Undergrad: 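The structure that follows is given in the form of structure tokens.
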Amino acid sequence: MTTNTRAANRTQRWWTERVLPRAIFLKQRWLRAGNCHITCPGNQDGLGAQLQARLSGMLFAECQGLTYVHSPFTSLHNTPADEPDWPTRCERFFGIGAGELAVADVAHELGEPRRVNNPTQIRMIDDSFWSTPNCHAYADLYPHQYLRLTDRFAARYHAAPKDGCTGYYTPGVVNVALHLRRGQDLAHKLHLMTRSDDSAVLLQTITDALHDTDAPYVIRVFSQGTEEDFPELRRFGVEFHLNEELLSTFHSLVLSDVLVMAKSCLSYSAALLSKGLKIYGPTGHRPLPGWLVLGKDGRLDQRHLTQRLKAYTGQTTL
């Protein structure tokens with residue numbers, strides 16, 4: 001591929017992924033319609049992706065003047081074989097649809113939703129009902145808008161029953177949760193895996209910053225595999241929580257004071273519900289304001305992290 005071809009491809013992507021969608025979304029906002037509804041059932045993929053799809057739909061509805069209609073989980077990839085009611089349990093666990101309209105009720109009034117591939121294809125028409133797998137096309141252009149909804153997300157999540165789910169959290173210390181994506185589903189997606197040695201470099205920065213604050217702490221690693229798969233991390237005295245139930249892992253990520261995100265929708269969704277500090281490595285979805293973003297070399301500025309930790313623990317103000 002020539003240099004000119006690569007430049008042309010970059011220009012095309014910039015136009016189709018940035019400029020054109022922004023123009024469409026501005027037009028939608030200007031043409032606001034009455035009684036216009038949207039639901040986001042996600043694709044037939046995993047729990048994290050389907051949860052994030054629904055959160056993006058709530059964002060789009062809030063910002064574009066539509067009414068959000070909740071599609072409950074019905075089919076989830078990697079459903080545990082011994083738990084046939086897994087989608088129902090997940091729906092109850094997250095609680096994000098609490099108080100929202102149901103698809104059946106809106107369909108009774110307006111008919112079945114019109115299915116489109118993404119939110120740019122939605123037309124602002126009075127008394128209409130739309131269904132799109134997700135609204136990431138909007139959320140990734142305007143991630144800061146999530147700040148309008150994160151308190152609502154968190155309130156619904158914490159109000160929902162957790163059915164005896166274990167959330168690992170130690171009061172009185174800074175709880176650091178390191179989420180590392182592993183598993184068979186990454187066999188052809190190695191770019192989504194964080195190397196253990198890179199995580200060790202980051203953990204060194206985090207522990208150095210914590211020592212600067214004199215705050216006691218605990219570090220927990222949430223992943224799959226065995227402890228022998230993470231030899232670089234053992235010197236930090238971490239607690240390993242491997243191969244645990246997915247909902248327990250998710251709840252622990254949400255509860256953490258410092259969440260080191262994996263390149264996964266599960267981590268991203270947990271970050272949208274968490275009140276702690278979020279450490280974000282570049283993925284397909286953009287960070288929110290206030291998240292600590294790793295540099296291109298995968299490193300984090302220790303001085304800035306120390307300042308944020310001191311502010312978080314009440315030792316100083318930014």
Side-chain angles (χ1 to χ4, degrees), residues 46-52 54-55 73 86 89-98 146-147 149-182 194 199 202-203 206-207 209-210 213 215-224 230 233 236-281 285 287-288 290-292 300 305 308-315:
L47 177 59
Q50 291 207 38
L51 174 59
Q52 190 179 346
R54 287 158 175 80
L55 297 177
F73 300 117
W86 177 246
R89 184 185 173 201
C90 291
E91 182 67 30
R92 184 172 60 249
F93 177 88
F94 291 112
I96 61 170
Y146 267 125
L147 297 178
L149 292 175
T150 50
D151 285 345
R152 186 192 307 175
F153 293 161
R156 290 184 182 182
Y157 174 77
H158 288 292
K162 296 296 177 274
D163 296 338
C165 170
T166 300
Y168 295 99
Y169 185 85
T170 304
V173 306
V174 176
N175 291 255
V176 180
L178 174 62
H179 186 209
L180 295 176
R181 191 171 181 182
R182 294 292 188 271
T194 304
S199 296
L202 180 57
L203 275 186
I206 293 172
T207 55
L210 286 165
T213 68
Y217 63 88
V218 60
I219 300 173
R220 299 183 176 93
V221 174
F222 296 90
S223 190
Q224 293 175 289
F230 308 95
L233 307 183
F236 294 97
V238 303
E239 290 183 14
F240 285 101
H241 296 272
L242 307 176
N243 312 309
E244 297 203 1
E245 186 194 48
L246 189 58
L247 296 184
S248 292
T249 293
F250 185 89
H251 195 41
S252 300
L253 300 183
V254 172
L255 294 177
S256 65
D257 299 303
V258 180
L259 169 56
V260 184
M261 300 166 60
K263 297 176 182 178
S264 79
C265 294
L266 193 77
S267 268
Y268 196 98
S269 297
L272 291 176
L273 300 173
S274 169
K275 297 292 187 181
L277 300 180
K278 274 76 71 169
I279 298 177
Y280 164 94
H285 303 290
L288 273 61
W291 292 8
L292 293 158
L300 196 63
L305 176 59
R308 292 293 300 275
L309 284 169
K310 286 183 176 181
Y312 182 81
T313 57
Q315 298 181 36

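The figures that follow rest on heavy atoms only: side chains count, while hydrogens, waters and symmetry mates do not. Please read these numbers as outputs of a predicted model, since none were measured by experiment. Sequential numbering from 1 along the given sequence is applied to the chain's residues.
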Undergrad: Is the shortest side-chain heavy-atom distance between L266 and L246 below 4.5 Å?
TA: yes

Undergrad: Is the backbone N or O of F222 less than 3.5 Å from a side-chain atom of T249, with the two atoms forming a donor-acceptor pair by type?
TA: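 No.
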
Undergrad: Restricting to side-chain hydrogen bond (donor to acceptor under 3.5 Å, both in side chains), what partner residues turn up for Y146, sequence neighbours left out?
TA: none

Undergrad: Not counting sequence neighbours, list each pair that qualifies as a salt bridge (charged side-chain N to carboxylate O under 4.0 Å, His left out) and has a residue in residues 243-261.
TA: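 Only R89-E245 qualify under salt bridge (charged side-chain N to carboxylate O under 4.0 Å, His left out).
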
Undergrad: Do L51 and I96 have side chains that approach each other closer than 4.5 Å (heavy atoms only, starting at C-beta)?
TA: yes

Undergrad: Can you name the nearest heavy-atom pair linking S269 to G48, along with the distance?
TA: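 Closest approach of S269 to G48, heavy atoms only: OG-O, 3.6 Å.
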
Undergrad: From L178 CG over to F240 CZ, what is the distance, rounded to the nearest 0.5 angstrom?
TA: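 Result: 9.0 Å between the selected atoms.
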
Undergrad: Report yes or no: does E91 contribute a side-chain atom to a donor-acceptor pair with the main-chain N or O of F73 at less than 3.5 Å?
TA: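 Between the backbone of F73 and the side chain of E91 there is a qualifying donor-acceptor contact (under 3.5 Å).
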
Undergrad: Do you know which two heavy atoms are closest between I206 and L305, and how far apart they sit?
TA: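 Heavy atoms only, the tightest pair is CA-CD2, 3.8 Å.
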
Undergrad: Can you name the closest pair of heavy atoms from T213 and L210 and give their distance?
TA: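 T213 and L210 have their closest heavy atoms at OG1-O, 2.7 Å.
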
Undergrad: Within the distance-only criterion (no hydrogens, no angle test), does the side chain of R181 pair as donor or acceptor with the backbone N or O of K263 below 3.5 angstrom?
TA: yes

Undergrad: May I have all residue pairs that pass salt bridge (charged side-chain N to carboxylate O under 4.0 Å, His left out) and include part of residues 168-178, sequence neighbours excluded?
TA: none

Undergrad: Ignoring hydrogens and angles, tell me if any N or O in the side chain of R308 forms a donor-acceptor pair with the backbone of G290 under 3.5 Å.
TA: yes

Undergrad: Kindly write out the residues that satisfy salt bridge (Lys or Arg N to Asp or Glu O under 4.0 Å) with R152, not counting sequence neighbours, or none if the list is empty.
TA: E62

Undergrad: Compare every heavy atom of A154 with every heavy atom of L273, then report the nearest pair and how far apart it is.
TA: O-CB, 3.6 Å

Undergrad: Are any of the side-chain heavy atoms of V174 and V176 separated by less than 4.5 Å?
TA: yes

Undergrad: Please answer whether the main-chain N or O of L203 pairs with a side-chain N or O of T207 as donor and acceptor at a distance below 3.5 Å.
TA: yes

Undergrad: So H251 and H158, would you call those rings parallel, tilted or perpendicular, with 30° and 60° as cut-offs?
TA: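 Correct class here is tilted.
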
Undergrad: Could you state the interatomic distance from CG (N175) to CG (L259), rounded to the nearest 0.5 Å?
TA: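 Separation between the atoms: 12.0 Å.
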
Undergrad: For S274 and V254, which heavy atoms make the closest approach, and how far apart are they?
TA: OG-O, 3.4 Å

Undergrad: Considering only residues two or more places apart or on different chains, which pairs with a residue in residues 154-166 satisfy salt bridge (charged side-chain N to carboxylate O under 4.0 Å, His left out)?
TA: R92-D163, E100-R156

Undergrad: List for me each residue that meets side-chain contact (heavy atoms from CB on, under 4.5 Å) alongside E239, sequence neighbours excluded, and say none if there are none.
TA: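 By the side-chain contact (heavy atoms from CB on, under 4.5 Å) rule, E239 matches V218, R220, H241.
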
Undergrad: Centre-to-centre under 6.0 Å for F93 and Y157, is that the case here?
TA: yes

Undergrad: Among all residues two or more places apart in sequence or in another chain, which pass the side-chain contact (heavy atoms from CB on, under 4.5 Å) test with P216?
TA: V173

Undergrad: Not counting sequence neighbours, which residues clear side-chain hydrogen bond (donor to acceptor under 3.5 Å, both in side chains) with S267? List them please.
TA: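 Testing S267 for side-chain hydrogen bond (donor to acceptor under 3.5 Å, both in side chains), a comparison that skips the adjacent residues, returns H179.
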
Undergrad: Residues in side-chain hydrogen bond (donor to acceptor under 3.5 Å, both in side chains) with Q50, at least two apart?
TA: R54

Undergrad: Just to verify, what does F94 make a ring-ring contact (aromatic ring centres under 6.0 Å, His included) with, not counting sequence neighbours?
TA: F250

Undergrad: Sort and list the pairs that fulfil salt bridge (charged side-chain N to carboxylate O under 4.0 Å, His left out) and have at least one residue in residues 164-177, not counting sequence neighbours.
TA: none

Undergrad: If you define the side chain from C-beta out and look only at heavy atoms, does anything of L288 sit under 4.5 Å from L272?
TA: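 In contact.
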
Undergrad: Closest approach of A177 and S256, non-hydrogen atoms and distance?
TA: CB-CB, 3.6 Å

Undergrad: Test side chain to side chain contact (heavy atoms under 4.5 Å, CB included) on L47 and L247; report intermediate values, then the result.
TA: CA-CA 10 Å; L47 177 59; L247 296 184; 3.8 Å; yes

Undergrad: Run the side-chain hydrogen bond (donor to acceptor under 3.5 Å, both in side chains) test against K275 and tell me which residues pass, sequence neighbours left out.
TA: D151

Undergrad: About how many Å separate CG of L180 and CZ of F230, when rounded to the nearest 0.5 Å?
TA: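 These two atoms lie 5.5 Å from each other.
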
